[in-house]
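This one's a predicted model, so the numbers in the text were calculated from it and none came from an experiment. In what follows, chains are A, B, ... by sequence order, proteins preceding strands, each numbered from 1.
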Amino acid sequence: MDLSLMNKEQKRAIQTTEGPLLIMAGAGSGKTRVLTHRVAYLMQEKEVPARNILAITFTNKAAREMRDRVSALIRNGASDIWVSTFHAMCVRILRSNINYLGYENSFSILDPTDQRSVVKDILKRRNLDIKQHNPRSIIGFISDRKNSLIRPKQSAEEAEGYLDTLYSEIYHDYQQILYRNSALDFDDLIMLTIELFEKEKTVLERYQNLFQYIHVDEYQDTNHAQYQLVKLLAAKYRNICVVGDSDQSIYKFRGADITNILNFEDDYPEAAVIKLEQNYRSSKNILDAANAVIGNNTERKPKALRTDRDGGPKLHSIVSASERGEGQEIVRNIQDLSSGYSYNDMAVLYRTNAQSRAIEDALVKSNIPYKMVGGMKFYDRMEIKDLMSYMKVIQNPNDDIAFERIINVPKRGIGPKTVDKLKEHGVHTGASIYEAIKESDFIGISKNAVVKLMNLNDMLDNLKQKSKYMSVTELVDEVLADTGYLDLLEKENSLESRSRIENLEEFRTVTREFDKDNEVSDELLFTFLSDMALVSDQDGVDEDSGVTLMTMHASKGLEFKIIFIVGLEEGIFPSRRVMFDDKELEEERRLMYVALTRAEDRLFLSRADSRMIYGKTETNMRSRFLSEIPEELVEGEAADTPKPIASDSFTMNSRGPKKKSRVITNNSGVSFTVGDKVEHRKFGEGIISGIKGEGDSQELDIIFTTVGVKRLLANFAPLTKKE
DNA sequence: TTTGATATTTTTTTT
DNA sequence: AAATATCAAA
């Protein structure tokens, strides 16, 4: 195998095949290349059979890419390597073994909307107020527990206080409902695989023997459950290679535990450790900026990436009047650069999906092609979810969650009242909705409704029969025809229904693609649904030409010649929610680091003087992350501007929207602007960090030294200006 | 039961 | 601004 193009550390990482290995791979240090070569090296030089190699990646797209790149290095056999995400691997394992845990092998996988409806059902049944108990936080609670491998019983035992106890009980109900439906949520995939391994040692041993060489990419973003899973699998051979960069840990909110990578050497004292600090991606200016920003994090092992590339152009700072102006400025720069670069080389990164709108609008107006990652996801569209629910019900009629979604879609006169009765029956007897329908005559449902239910029942049974000998595409067509779904849309003939039909058409290209690779069989529908449940946003990035739009989170692992980072304002990025929590602020800064290090040649940093948020105009200070970049690396905005500048001097585009004054005057005639130091009668000294709203309801965000941030009405707050 | 109208809430980030 | 929840009328 030719390793002549590798540096010394990279070679060592590839050739250290036996025993535990920790690769600390900085951004752009050729980590993917090392991983692919290592796998190829194992097969070619060490003659390890492909099926004994496991490689876990963060996204399905990364998995596909890794498989392709290994294929390019070796003659054949790459298709036998296990390359997948944690979740996809667990689905595969559970699919053939979950019956040990009492679930059906044909289990379905819940998406977040399904989870929400399960939780809401539980709240309703327990007569709890949905406003007091936000389903979101309950789902978060359950997810946290599962990621920590805490079962409902243990959660209840360890609960402290009323809320903990209550949520543990809800967790218990939730888990029971899922079990009854043979449904798993994302976290279950990991947790139940571990449970399976602990319960059935022979199954564990089988996989331990199979996975003799294990690789885990993005190890800094694994959670506790994933960590345990890897530990179990690697226990026999201890050939475990993890790759990660603690500076790029950005998924704490999802349970990622950075100590997994920091303590790797404690778990495996014999581990070899290799650091890759040579960056091959970014120009020196970009790298210097990234190093300077991340250097502000205190909780980290110091390290600095090196590059042999020259300085390159300076980073470019852009200030616009509003988010619309920001979009226009981005477009202007894209057009300037489009002579030397392809649109594919450019990406716009933002903190929240909602920020994509203004950018999209500007791109559409200028006829610039773009592709968006995430956002309103294709598979989240109503018609797609409806269709998927039909498929789920056909595959597993006892999937109540899917069943409830389609029971009255299209409208067939089976309303909430009837559904309640069916569910009520289920609570007493343990029957699913599907089973309850067969009893519907005896449980107080009107004759009228019973007939309708029977019709539905017959139609579904009929579809189920058909599904056994049809391709998925054919089945989709049958479902759309038999249910009258397509008819309904065609009859409506509105702009919206047209687009829905287009989306369904688009879905058929997905199924056709799937049918091409899969033979018709009993398992076909199940395989299709499993695959679908695991597709992630990042998987959608394809070859079509265009500027890429995505969140900074979604950009991890990718690189582009030109990067635009937008919305660099306090309260946007860093997000308002974390501004005063040092720990979370450090995670936010790592996110900035990830964003910065995506760029190879050019980097644009953009902010707007004010922008619309929740339908209100807000004015925010420039992001601290901007200020952390040494000014000599940046051109554009005068780098050393301690506070935003008054009035219209930054309306770069004369066609831009009229700028609102960011100086406001209160009832006593005192005027304030962002950055002013003020004195409050009760809270003491503070600094104005933002201005919200319009007219009489204008509010000031003020950071007080004593009490942190407060939002006060400009007209009534007892404020005096200092200095 | 379904529908349309009005009130209320919501945004981090995601496999 | 947009999505969701709640309420009133048909």
Would you classify A:Ile250 as touching base, sugar-phosphate or nothing, given that sugar-phosphate means primed atoms plus P, OP1 and OP2, and contacts are heavy atoms under 4.0 Å? nothing
Between A:Arg624 and A:Glu570, is the closest basic N to carboxylate O distance under 4.0 Å? yes
Shortest side-chain distance from A:Lys411, nucleotide among B:dT15, B:dT2, B:dT13: B:dT2
Mind calculating the distance between CG (A:Asn134) and P (B:dT10) to the nearest angstrom? 6 Å
Ring centroids of A:Phe58 and B:dT15 base under 5.5 Å with planes under 30°: no
Going through the distances and angles, do A:Arg500 and A:Glu490 end up as a salt bridge (Lys or Arg N to Asp or Glu O under 4.0 Å)? CA-CA 10 Å; A:Arg500 291 195 195 287; A:Glu490 276 168 355; over 6 Å; no
Expressed as a whole number of angstroms, how long is the span from A:Arg576:CZ to B:dT11:P? 15 Å
Could you measure between the two C1' atoms, the one in C:dT6 and the one in B:dT11, and give it in whole Å? 22 Å
Sort and list the pairs that fulfil salt bridge (charged side-chain N to carboxylate O under 4.0 Å, His left out) and have at least one residue in residues 585-594 of chain A, not counting sequence neighbours. A:Arg351-A:Glu588, A:Glu587-A:Arg590, A:Arg589-A:Glu628
Thinking salt bridges, do A:Arg254 and A:Asp221 make one under a 4.0 Å N-O criterion? no
What is the distance, to the nearest angstrom, from the CG atom on A:Leu110 to the P atom on B:dT15? 17 Å
Nearest-angstrom distance from the residue atom CZ of A:Arg357 to P of B:dT11: 17 Å
Heavy-atom protein contacts under 4.0 Å, nucleotides 5-10 of chain C, coded B base, S sugar-phosphate only, - none: S-----
Establish, for the pair A:Arg67 and A:Trp82, whether the NZ or CZ atom is under 6.0 angstrom from the six-membered ring centre and no further than 45 degrees off its axis. no
For a quick check of understanding: with a heavy-atom distance under 4.0 Å over all strands, which category does A:Arg412 fall into, base, sugar-phosphate or nothing? nothing
Think A:Ser575 has a side-chain N or O under 4.0 angstrom from the OP1 or OP2 of B:dT11? no
Just how far, in rounded Å, is C1' of B:dT2 from CG of A:Leu488? 14 Å
To the nearest angstrom, the CD1-P distance between A:Ile613 and C:dA2 comes to 15 Å
Round to the nearest Å and state the distance from A:Gln355 atom CD to B:dT10 atom P. 20 Å
Roughly, in whole Å, what's the span from CD in A:Glu618 to P in B:dT10? 16 Å
Pi stacking test for A:Tyr614 and B:dT11: under 5.5 Å apart, planes under 30°: no
Out of B:dT11, B:dT13, B:dT2, which nucleotide sits closest to the side chain of A:Asn408? B:dT2
Compare the minimum distances between each of B:dT13, C:dA1, C:dA2 and the side chain of A:Thr352, then state the nucleotide with the smallest one. B:dT13
